[in-house]
Amino acid sequence: MIRIGMIVAIIFCSVLGARADKPNVLFIAIDDLNDWVGCLGGHPQALTPNIDRLAARGMLFTNAHCAAPACTPSRTSLFTGQMPQNTGVWANKGPKIDKIRPDAFLLPMSFSASGYRTLGTGKLGPNRSCFETFQEFEQRWSPLSGKQEAEYTSEELPSKGSEHPRHVVVHQGKCYVLPLNGMPSDRTPDESSGESFDWGPFDVPDSDFGDTKITDWAITRLKEPVDQPWFLGVGYYRPHQPLWAPQRFFDRFENSPGRLPPIREDDLDDLGDAGKRWALTPVTSGAHSTVVKFDQWQAAIEAYLACVTYVDHEIGRLLDVLDQTGKSQDTLIVLWSDHGWHLGEKQHWGKWTGWERATKVPLIMVPPKSQASEYAPAGSRCDQPVNLIDIYPTLVEICDVTAPPHDLDGRSLVPLMRRPDAHTDRQSVTMFNPGNGSLRTERWRYIRYADGTDELYDLEQDPNEWDNLSGSPQHKDQQDALRRALIPYVQDSETQNPDVHNPDLQTPSVIQTELPH
């Protein structure tokens, strides 16, 4: 009752003082999207015309990173504006924010408290209750009806970890044998749950997929007449695994096969034991050795790119309606991904590492057309390191909404939206389990593991992070400065876990496992 009374009081006071020109917010989330986007240039075959046109009408942050490289901790940090050591949420498996802080004040609540109508659909924040209206659809296993349809029967289960796994489903009268990639399960060979480390096309209409259904729902909301400002969150699930998408998005690879990312065979040779474990342990996805053994690397690249283009198409549908209704005139658009995704770089698949491939995300901010003159010209790019926790204070400033009762760890991006070429002291930190941190500056990346080993990369000279410069006399001063900057984050996290130096806890799978979302 105390919490409800507090929120009611905030809403009453905020509505009385609300500005009449508060912008609407279209808040677009994309799961597991790295920089394989046209405007970021992460892959030569990335086809994302709609994300690209969004970047062309706003600000693209080219050096944006997550607070944690896994879904639950990253989204919790974004929706609270706090780092994992302050939210207490470290991994997909483990305590969630609604258990740790039942009265947590989350991003949409700032808007509700300021007279906004808040609506959401799809995969967004740590819980759905922070939205006044929320619509859920099956996304993860679509076009299947849900996780039950993806589960192995008792007769099929012995095949799951074998070289010939076989789970049969029938969809729209057509028989499919899962996994489509034909690979054995590395993570859950003895569990009946569906195998998500899979990829391939389904020859079905787009409308069979959850990401199309959330777009349809959001479009209906955009077309409705409104008498108050609104915050609409739309959370796309792909390219999260399983990498399934409609057949038509795979067709382009028939004459132009997917290109593998640049790799170096000896890439792990200059890493310590901890770094190698984080690279090779199949925690959030399968093992690289399995992908190579079954000759599925190229197919996985094509499937990831196909899923990205599929989601881009859905975003295009959303933007078209926003423009057709004239609501883009007064709508701030934010597009973000919760973390990146490895596709064989450093022999790793999935997220949950401290390297660029897992931490870097797309982040685009498009001011309302009516306020465009207050910001840098459309199509501007900012190369300063920023973090997803910066989104909350940015929206508080732009939309003049109620700040949360807790401290925000991020910094508003508004100054950079006005002067993207300004040089700042910004640094972005990503935490992955207590005691493990990764710091990104404009040029450098410094990673420190719980066992005390570390890595240093010069991204200007080595964008693939192939050469670990840790211990190099030539870079000692730089390494020492970055270590000093990161150590407070590592020490703060260690106070939450007194056993962090236990060698067993340096294995990434101890805390983090991939759960359905």
Side-chain angles (χ1 to χ4, degrees), residues 35 61-69 73-74 77 82-86 90 267-279 339-340 345-346 348 351-361 363 382-390 409-411 416 422-495 500-501 506 508:
D35 64 359
F61 290 91
T62 64
N63 195 3
H65 302 269
C66 59
S74 174
S77 286
Q82 295 184 314
M83 293 293 291
Q85 50 265 48
N86 290 326
W90 285 97
D267 193 11
L268 304 186
D269 289 358
D270 57 1
L271 304 186
D273 289 343
K276 291 176 181 176
R277 280 196 296 271
W278 283 92
H339 45 70
E345 302 93 339
K346 293 197 180 293
H348 188 80
K351 48 257 188 180
W352 205 233
T353 75
W355 295 298
E356 188 90 349
R357 177 52 66 229
T359 72
K360 187 174 181 178
V361 297
L363 176 59
C382 179
D383 300 329
Q384 289 294 300
V386 301
N387 195 286
L388 293 179
I389 61 170
D390 298 329
D409 294 336
R411 297 163 60 183
L416 292 176
H423 289 285
T424 71
D425 62 350
R426 281 180 175 268
Q427 299 172 331
S428 179
V429 172
T430 301
M431 301 298 298
F432 48 111
N433 275 0
N436 301 280
S438 181
L439 184 147
R440 183 67 156 88
T441 70
E442 197 169 0
R443 176 176 176 177
W444 300 91
R445 175 176 298 283
Y446 175 72
I447 302 174
R448 185 175 179 86
Y449 298 100
D451 67 351
T453 59
D454 56 11
E455 299 165 22
L456 175 68
Y457 300 99
D458 181 351
L459 277 295
E460 190 175 280
Q461 302 296 322
D462 177 27
N464 296 302
E465 296 175 326
W466 284 339
D467 298 310
N468 179 12
L469 302 174
S470 177
S472 163
Q474 180 182 351
H475 301 97
K476 182 179 184 304
D477 290 345
Q478 184 65 52
Q479 183 169 350
D480 288 346
L482 294 173
R483 181 187 294 114
R484 287 194 297 271
L486 182 60
I487 282 297
Y489 291 86
V490 174
Q491 290 176 336
D492 283 349
S493 71
E494 288 176 351
T495 62
V500 73
H501 292 296
Q506 293 163 19

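Here the structure is a predicted model, which means the values were calculated and not measured.
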Worksheet entry | Between Thr453 and Arg448: side-chain donor-acceptor atoms closer than 3.5 Å | no
Item to complete: Could you check if a side-chain atom of Phe61 sits within less than 4.5 angstrom of a side-chain atom of Asp383, using non-hydrogen atoms only?
Response: no
Discussion item. I'd like to know whether Arg426 forms a side chain to side chain contact (heavy atoms under 4.5 Å, CB included) with Thr441, so could you lay out the CA-CA distance, the side-chain angles of the two residues, the decisive distance to 0.1 Å, and finally the verdict.
Written reply: CA-CA 7 Å; Arg426 281 180 175 268; Thr441 70; over 6 Å; no
Practice prompt. Mind running ring-ring contact (aromatic ring centres under 6.0 Å, His included) on Trp90 and Phe432 for me, showing each step along the way?
Written response: CA-CA 7 Å; Trp90 285 97; Phe432 48 111; 9.7 Å; no
Worksheet, complete the sentence: CG (Asn436) and CH2 (Trp352) are apart, to the nearest 0.5 Å, by 8.0 Å
Worksheet item: So, the side chain of Asn387 versus the backbone of Val429: is there a donor-acceptor pair under 3.5 Å, distance only?
Response: yes
Worksheet entry | Non-hydrogen atoms of Lys351 and Gly340 that approach each other most closely | CB-O, 3.8 Å
Worksheet item: With a 4.5 Å heavy-atom cut-off, do Asp454 and Ile447 have their side chains touching?
Response: no
Discussion item. I'd like to know if Arg484 and Asp480 make a salt bridge, using a cut-off of under 4.0 Å between side-chain N and carboxylate O.
Written reply: no
Discussion item. If I take atom CH2 from residue Trp278 and atom OG1 from residue Thr353, how far apart are they, to the nearest 0.5 angstrom?
Written reply: 8.5 Å
Worksheet entry | Donor-acceptor contact present, side-chain Asn86 to main-chain Met83, <3.5 Å | no
Worksheet, complete the sentence: Those residues at least two apart in sequence (or on a different chain) that pass ring pair (Phe, Tyr, Trp, His ring centres under 6.0 Å) with His65 are none
Practice prompt. Could you tell me which non-hydrogen atom of Ala279 sits nearest to which non-hydrogen atom of Leu268, and how far apart they are?
Written response: CB-CD2, 4.0 Å
Response to the item:
Nearest heavy-atom approach of Pro84 to Ala68 is CG-CB, 4.0 Å
Item to complete: Hey, could you give me the CG/CZ distance between Asp273 and Arg277, rounded to the nearest 0.5 Å?
Response: 6.0 Å
Practice prompt. Please report the C-alpha distance between Tyr489 and Leu439 in whole Å, then the side-chain angles of each, then the deciding distance to 0.1 Å, and finally whether the side chain to side chain contact (heavy atoms under 4.5 Å, CB included) criterion is met.
Written response: CA-CA 10 Å; Tyr489 291 86; Leu439 184 147; 5.6 Å; no
Worksheet item: Donor-acceptor pair, Asn468 side chain versus Asp270 backbone, under 3.5 Å?
Response: yes
Fill in: Euclidean distance, Asp267 CG relative to Asn464 CG, rounded to 0.5 Å
8.5 Å
Discussion item. Side chain to side chain contact (heavy atoms under 4.5 Å, CB included), that's the test. Do Ser74 and Leu388 meet it? Break it down for me.
Written reply: CA-CA 8 Å; Ser74 174; Leu388 293 179; 3.8 Å; yes
Practice prompt. Please answer whether the main-chain N or O of Thr62 pairs with a side-chain N or O of Lys360 as donor and acceptor at a distance below 3.5 Å.
Written response: yes
Can you give each donor-acceptor pair under 3.5 Å made by side-chain atoms of residues 456-463, sequence neighbours left out, with the distance rounded to 0.1 Å?
{"from": "Tyr457", "atom 1": "OH", "to": "Glu455", "atom 2": "OE1", "distance (Å)": "2.7"}
{"from": "Asp458", "atom 1": "OD1", "to": "Arg443", "atom 2": "NE", "distance (Å)": "2.9"}
{"from": "Asp458", "atom 1": "OD1", "to": "Glu460", "atom 2": "N", "distance (Å)": "3.1"}
{"from": "Asp458", "atom 1": "OD1", "to": "Gln461", "atom 2": "N", "distance (Å)": "3.4"}
{"from": "Asp458", "atom 1": "OD2", "to": "Arg443", "atom 2": "NE", "distance (Å)": "3.3"}
{"from": "Asp458", "atom 1": "OD2", "to": "Arg443", "atom 2": "NH2", "distance (Å)": "2.7"}
{"from": "Asp462", "atom 1": "OD1", "to": "Glu465", "atom 2": "N", "distance (Å)": "3.3"}
{"from": "Asp462", "atom 1": "OD1", "to": "Trp466", "atom 2": "N", "distance (Å)": "3.0"}
{"from": "Asp462", "atom 1": "OD2", "to": "Trp466", "atom 2": "N", "distance (Å)": "2.9"}
{"from": "Asp462", "atom 1": "OD2", "to": "Asp467", "atom 2": "N", "distance (Å)": "2.8"}

Fill in: Exercise: do Ser438 and Arg445 side chains pair donor with acceptor under 3.5 Å
yes
Worksheet entry | Short N-O contact, Asp425 and Arg411, less than 4.0 angstrom | yes
Practice prompt. Apply the test ring-ring contact (aromatic ring centres under 6.0 Å, His included) to residues His348 and Trp355: give CA-CA distance (whole Å), side-chain angles for both, the deciding distance (0.1 Å), then the verdict.
Written response: CA-CA 11 Å; His348 188 80; Trp355 295 298; 7.2 Å; no
Practice prompt. Output the distance between atom CG (Leu482) and atom CG (Asp477), rounded to the nearest 0.5 Å.
Written response: 11.0 Å
Worksheet item: For Ser470 and Gln479, does a side-chain donor sit closer than 3.5 Å to a side-chain acceptor?
Response: yes
Discussion item. Counting only heavy atoms not in Lys476 (residues, nucleotides, ligands), do more than 12 fall under 6.0 Å from its NZ?
Written reply: no
Discussion item. Looking at every non-hydrogen atom in both residues, tell me the closest pair between Ala274 and Asp451 and how far apart they are.
Written reply: CB-OD2, 3.4 Å
Discussion item. Looking at Gln82, is its backbone amide N or carbonyl O close enough to the side chain of Ser77 to form a donor-acceptor pair, meaning the two atoms are under 3.5 Å apart?
Written reply: yes
Worksheet item: Do the side chains of Ile487 and Arg483 get nearer than 4.5 Å, heavy atoms only?
Response: yes
Discussion item. Does Arg440 form a side chain to side chain contact (heavy atoms under 4.5 Å, CB included) with Thr359? I'd like the steps, not just the answer.
Written reply: CA-CA 9 Å; Arg440 183 67 156 88; Thr359 72; 5.9 Å; no
Discussion item. Could you tell me if the side chain of Trp444 sits less than 4.5 Å from the side chain of Leu469, heavy atoms only?
Written reply: yes
